[in-house]
Amino acid sequence: MTRRNFIKISSVTAMLLSVGVFPTNAYAVWPTIPKIVVNITLDGGPDFKHLIVPPFSEDASSYGATFWRARASIFNLTSSDSAGLKNAYIENYDEITVDGIVCGVLKECGWLKSEILAKNVAIVSGVVASQNRDHHHSKLILESGSLLTGAHDVGVSGWGGRAVQALGANAISITQGVRLICNGAHAIDDKNHDNSSVVTNTDSRNMGLYNYDTQADLDNEINSYKWSSRAILSRSLKSYYAAKDEQIPESSPYKKFTKHEQTLRNFGDQIKKRLDTVTIPTSIEALHSGDNKLNATYFGRQIASLYDSIAAQDILNMRFASLEYSGWDTHKFQKDILKEKLGDIFGSSKGLNTLVDELDKIDTRLYENIAIVISGEFGRQLKSNGDNGTDHGRGNSAFIIGRGVQGGFYGNPFPTDEIARLEVKNEDIEGKTSMFQLYAAVLEWQSQDLGSQVFDLTNEPIEDGLSFSDLFSV
Amino acid sequence: MRYLIFSFFLISTLYGATLSFKTGWNFVGFNNTLKLSQDSHFSNPQSVKIIWKYVNDKNIKAWHIYSADESIKEQALNFSLETSDELEYFEGAWVYALKPFDKNVEAKNHNHTLQDRNLSSGWNLISLVDNETATTPESLNFENMTYVWVYRDGRWRVYNKAHIPEPTFSYDLLKQILPLEAFWVNIAESKPFFIEPFENITQTKYYTPFVITPNISYDSAETPHYFLENNNTSLLHASVNQDGVIEISSVSNKTGVSEINLIVFTNSQATNFTFKITVIEPSSVDFPMLDFTLIGEEDWDNTAVRKTLLTFAYGGHASDSQIELWSNMSPKDAIVEMLTLNATNPLLSPPDGNIPATTSLEELAAFWSNPDDNSTMVENYKIRFSTDTWSSTKDTWAQAVQTRGLNPFLHRVGLWETNYHMSVNQNAGIYPLPLFHHYDNIISKLSENGSYDEVLAQGAKNAAVAYQYGHNRNVFKNGAFRGNEDFAREFHQLFLGILGEYDHDYHENTAIPNTARALTDMRANWHPSEEGGPDSEIVFGEEFHYIADVDILKSTVSGANASEKIDKIASMGMEHSESLINLPLMIIKHFADDNLSQENSLRVQNSWKMMQSKNILPFLWAYAVSTDFHSPSRFKYASSIERLLRVKNLLTIDNEENYYQLNYAGWELDDESSEVFRPVHDVFGHQSGLEASDNANVFSEAYNRSAKSPWGYTRTYHCIEDANGDCPKDEDGTTIAVLEKNWKDKIPSNSNGEYVVEDVARWLWNYFIADGGKNYSALERAHLIALLNRKDLALFLDSEKPLEIYSYLQITTDTTIKQLLNDGSVVRMDLGSSDLSKRREADYRVGLAIAFIVATPYNFVQEGK
């Protein structure tokens, strides 16, 4: 993070600390809560057509009938098995009506269903980022926010990173590696990035660098074994890095590491002090250990780190958080795979449900001021393959979730022009709306004009009649 | 004195110069012959006490003095010292002045030049005749010249053709000889030695040992060093083997040379040496540089070799003398020795014990897990390598990299192919045996010098890949294709680098679906473990194969089964325009460069394209000795695997440490989310160096490992613990170990057998960082001196202020700090002590230094130059 941001935060936190014992409810002292975008990237090309489906229909020419026939193999059925297909719909989906459209929501996603009904979910259909079906390149395009990003441009900036730079804030990377979406823009080289506004918080309760002793320790004669290897080396390295940073120019490839050291040292102590006052809720902890752990405990740990990051938001100056969940490239056996993964994210008492419930206990305004963006690099083909799965497509759906969202369908989830294409080899969802139009709208909610600062929407399409101007109500 | 001379010369070169003498010894020369007794200063005993010059006139070698002081004249007589009243032009002298004075020096009044002077063998004390121009020692160019020494500003400065290592505290490198400055030059007496003409040498020959007296001995603090020069100016190299025999080797394609003019100098105390001459057959592998430019011989030095080894072989296991040998060879000759795809490479990884010479990880796993042979691996850890154990693949791979006697470059390439390029993920449920086969089949193909399309085709035919993608279920049955297109796509995109931009619709609607049909009837079935587990190899059937020709990459692909079709797709795909653009960049970005410019990229692509038959080894050879690789603009961030394996490799002294698994990398790789064969991006490959560099968490793990958990670096012995977890002790309370660390087996001592802190610090830095000292500033030096004295810098400089932070400026300007550091730098370490506890303490301190070095920014990224 930049020194400017850090100093600004430090003074605010110092002021708060001067008030007295720091309250666990950090937000009680904040008159407003900043708007935060939480982005969850589903790597592999998630098949959201499996999450929200049209009802099965006996009318052979209807969308519902052709949809279920085309996807029969996912349920181990043949396309001619109408009874089986109807049963598959009933057994696997809860039927709801949204904006007058009847649809089924996967039973494992009970929380999502209730949030859709509460109008907290924008289901955006027919969105597209990349026009090719290559995972790697499509992800680069999705996260960079530009169709011009080449297949080898692994060092470019990401839209989340550019957004926080414009806001003078930080992107919190909660993933194992820092995703490209967090990369800030480099001052002079558009193929490069600047991550001084990224804070890695993968393991929130163990953030920071080892520090054997402080002046207080020495004064109180704690850590008296100052000749130990730990003592010697921790003092050596701390001293070395403090002196080294000024020797290394900004343009040097070595600079990243002195910056890491600074960030970790500056944040580590403060985060630790804050989180010592914040008990991790049992329900959050259970997402990655214990009886209620998610199928992907890694996602559970990310939710925990996200919770902690929000609890320390003022220290971190967080306006963007990056999470990930991989394994959505369901070429085979997708029914069971997606049941687990979608359940982890959208299920009752699972990932997002637990997070939101716990945030509401802190302050109900939090969920109003958080927009959860869920998308993947591309969608899947309309018709399933011979391996009980689906192959790569292009167009997809995306979800924006939050109490401030104006929920409902954006774009037609079941366009009848797909019917003719369901029988065409390798056909997929036609992406009529650029994903970047959607992301830009989310950023506009965060801050006026932020969307146009971060994205160049000149040639980015949006489906006729579709607008995101009312995507948020708050 | 020097500065005065320069400033004077700017103004009035025609009128000579002014030589300023300071009180004490002055090391000077004159451009004209001086009659000392007629000189007002030299003939004044109150001004100059004594003048010494050294006369070396073939068989006459003696010191001559001059003094106007009668008592000194008398002493000279008593010591039978020659006196001389003349100081000739070219001659250098020591002048002891009793007080400062200036002396006008006339302009040169003759036409003689230094090159007119015939120097005799041995030491010659001379000076430049030309009083106007400084000169470099290289340009002196005396025949058989070995050393040049100058004493200036209180320090000795030295030059020698044999590139003695970096100066220590006792002297600096000599860059220039100044006018009116005296200098010593040593001329070696040559010893002609005749060998069989090189052109008649058809294989490596070892001549029976013979004895030769060295030409020159010197006493210095440098590590033992030998230099030989033949009369064809082709540099030979000598190194001392374990038996104390000096081995001279030459890789030369200079035919017809039969006489080697040996000029031997050494800083060993011995007076006679046994030599063994090896003339190695000129390399028959002459590979083209493609579109790369070969690095200049002057840039192909010790540092360049070390950088190459760090990049391509996790540092390798070669000795310092082998590295020096490679640096003295032509780069092309060196690289073909350094990087091979054979099971073993004795030069890169000298044998140490009985390790099977196999490329196969499965065979190595069997070797290390053999329950009937306790000499291969300590009992407790055999389980790590049992193929029943899911982690056996990653542990076997790491062990193969670290084992002396195998080939770390081979396994470096193996990692690229199986964890980045043709990646499969054990987290996807790939059993160990199919994974071993995936690795082994690919490595075998590489080792057999298979073309790269054959290597890719082999990868595509491996069962592990089929399990990963599911195309082992692809069939063509009853006239219909049933299966998925996952691998059909990724064979093009990940293996060949063809993304479909050549014709997007064709790629999606024809090439990929047709490739899926080509990948039919590839039978690999899952069986429960009690039945032997899943098939490790695919059986290619025809019954359910899509037998018809298919249109792929706008060509017809035919084949009776999937194997034949895969071969054809790979062969065609390798020459596809998109593959030619993307695949070579994927390779170079992975191995070596995170900062490819457009020009670099073009050269990489052109070079790949120029290869008629694509082969990764000659491609990497050409790149590794190119100006692109050895460029200051190149840098490469280390992935966690690269950094950790490199450090573990360099930490390992010998295979006994591997036997006890002292440097096991598995836990640290897990901490950094970088388990081998579990790539973080699944089939899209493992963590890249760029990703690692952006991840503060990775940095934090590495940093905290040094600060909080440094025992991996500082351990000095290994013991067999009892049931309570305690090491056994002898009657004196000293721990009884089964293995001692013994850094003395790696770190060279000086000529006196001493391990001086300054030398050890610099050696460790170069060993782990290999930057030739570029980034070894006063700050790094200060911290390492302190650590090798068992303290952190603050404690070392002032024990009352342990949290003090000392800046670079303080360290380089504060005289007290400088003195303390200099005092610390000359301390002798007990690395070679016969006292066990002292030796362990010294090894421990080396460990502290290593823990520090590997946590500096310089261990996370490598520059090209």
Side-chain angles (χ1 to χ4, degrees), chain A residues 131-137 151-152 154-155 176-178 183 195 198-200 202-203 208-210 212-215 218 226 229-240 242-244 246-248 253-254 256-258 260-261 263-264 326-327 329 331-332 385-387 389 391-392 425-426, chain B residues 469-470 473 481-486 489 493 499-501 504 508-509 513 582 585 635 637 673 680 682 684 687-688 690-691 693-697 699-700 703-704 706-708 710-711 714 777 779 783 787 791-795 802-803 805-808 848 851-852 855-858 860-861 863:
Chain A
Q131 290 291 342
N132 73 51
R133 308 189 199 187
D134 171 54
H135 288 292
H136 171 73
H137 190 194
H152 294 290
V154 295
Q176 272 175 352
V178 175
N183 287 355
N195 277 7
V198 178
V199 179
T200 307
T202 314
D203 187 0
L209 298 174
Y210 181 69
Y212 183 82
D213 47 21
T214 61
Q215 193 59 53
L218 291 176
K226 64 183 181 186
S229 309
R230 287 181 167 183
I232 291 170
L233 283 163
S234 65
R235 287 195 299 265
S236 285
L237 288 169
K238 185 176 179 183
S239 165
Y240 171 77
K244 192 68 195 178
E246 63 190 22
Q247 272 193 296
I248 300 182
Y254 303 111
K256 278 190 193 186
F257 306 99
T258 58
H260 285 327
E261 194 273 346
T263 303
L264 288 164
S326 64
D329 192 22
H331 289 276
K332 52 188 188 285
N385 62 27
D387 213 4
D391 296 314
H392 296 189
K425 190 170 72 170
N426 289 353
Chain B
Y469 290 94
R473 289 186 298 276
F481 167 76
R482 192 181 158 81
N484 80 57
E485 292 179 356
D486 198 1
R489 173 183 302 279
Q493 296 185 177
L499 306 185
E501 286 164 12
H504 179 76
E508 294 294 339
N509 299 327
N582 292 324
L585 289 184
F635 62 79
Y637 294 113
S673 306
V680 295
D682 200 46
F684 308 104
Q687 178 211 65
S688 68
L690 184 61
E691 287 170 347
S693 73
D694 280 333
N695 193 337
N697 208 45
F699 174 82
S700 163
Y703 181 104
N704 285 339
S706 283
K708 188 179 177 186
W711 32 85
T714 58
S777 76
L779 189 65
H783 281 277
L787 289 167
K791 294 177 186 173
D792 54 284
L793 185 61
L795 212 60
L803 297 185
I805 289 172
Y806 292 90
S807 68
Y808 176 84
L848 289 176
F852 175 85
T856 65
Y858 306 103
F860 292 86
V861 57
E863 289 180 284

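Any value given below was found using the heavy atoms of this structure, including those in side chains, with hydrogens, waters and symmetry copies removed.
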> Are Lys244(A) and Tyr254(A) in a cation-pi setup, meaning NZ or CZ lies under 6.0 angstrom from the ring centre and within 45 degrees of the ring axis?
Replying inline: no
Best-contacting candidate, [options], against chain A by heavy atom pairs under 4.5 angstrom:
options                                    : result
Asp682(B), Asp694(B), Ile805(B)            : Asp694(B)
Ser673(B), Ala794(B), Gly500(B), Ser693(B) : Ser693(B)
Tyr806(B), Tyr858(B), Tyr469(B), Phe684(B) : Tyr858(B)
Gln687(B), Gln493(B), Lys791(B), Arg482(B) : Gln493(B)
Phe860(B), Phe635(B), Phe699(B), Tyr808(B) : Phe699(B)
Leu793(B), Val680(B), Thr714(B), Leu499(B) : Leu499(B)

Flag side-chain contact, heavy atom, 4.5 Å: [X] against [Y]:
X         : Y         : result
Phe257(A) : Ile248(A) : no
Glu485(B) : Pro513(B) : yes
Leu848(B) : Ser229(A) : yes
Arg235(A) : Leu803(B) : yes
Asn484(B) : Asp391(A) : yes

Looking at [options], which has the largest count of heavy-atom pairs under 4.5 Å with chain B?
options                                    : value
Lys238(A), His137(A), Arg230(A), Glu261(A) : Arg230(A)
Gly327(A), Ala243(A), Pro253(A)            : Pro253(A)
Val178(A), Asn385(A), Thr258(A), Leu237(A) : Leu237(A)

Quick check on [X] against chain B: is it the side chain, the backbone, both or neither that has a heavy atom closer than 4.5 Å?
X         : answer
Glu246(A) : side chain
His152(A) : both
Asp134(A) : both
Leu264(A) : side chain
Gln176(A) : both

> Can Val154(A) and His136(A) be said to form a side-chain contact (heavy atoms from CB on, under 4.5 Å), step by step?
Replying inline: CA-CA 9 Å; Val154(A) 295; His136(A) 171 73; 3.9 Å; yes
>> Under a 3.5 Å distance rule, please check whether Asp387(A) uses its side chain to pair with a backbone N or O of Gly389(A) as donor and acceptor.
In response: no
> So Arg489(B) and Glu508(B), salt bridge (charged side-chain N to carboxylate O under 4.0 Å, His left out) or not? Walk me through it.
Replying inline: CA-CA 9 Å; Arg489(B) 173 183 302 279; Glu508(B) 294 294 339; 2.8 Å; yes
Check each atom of [X] against the heavy atoms of chain A and say whether the ones under 4.5 Å are side chain, backbone, both or neither.
X         : result
Ser688(B) : neither
Tyr637(B) : side chain
Glu863(B) : both

> Do the ring planes of His783(B) and Phe852(B) sit parallel (below 30°), tilted (30 to 60°) or perpendicular (above 60°)?
Replying inline: parallel
>> Is there a side-chain contact (heavy atoms from CB on, under 4.5 Å) between Leu233(A) and Asp792(B)? Walk through the geometry before answering.
In response: CA-CA 7 Å; Leu233(A) 283 163; Asp792(B) 54 284; over 6 Å; no
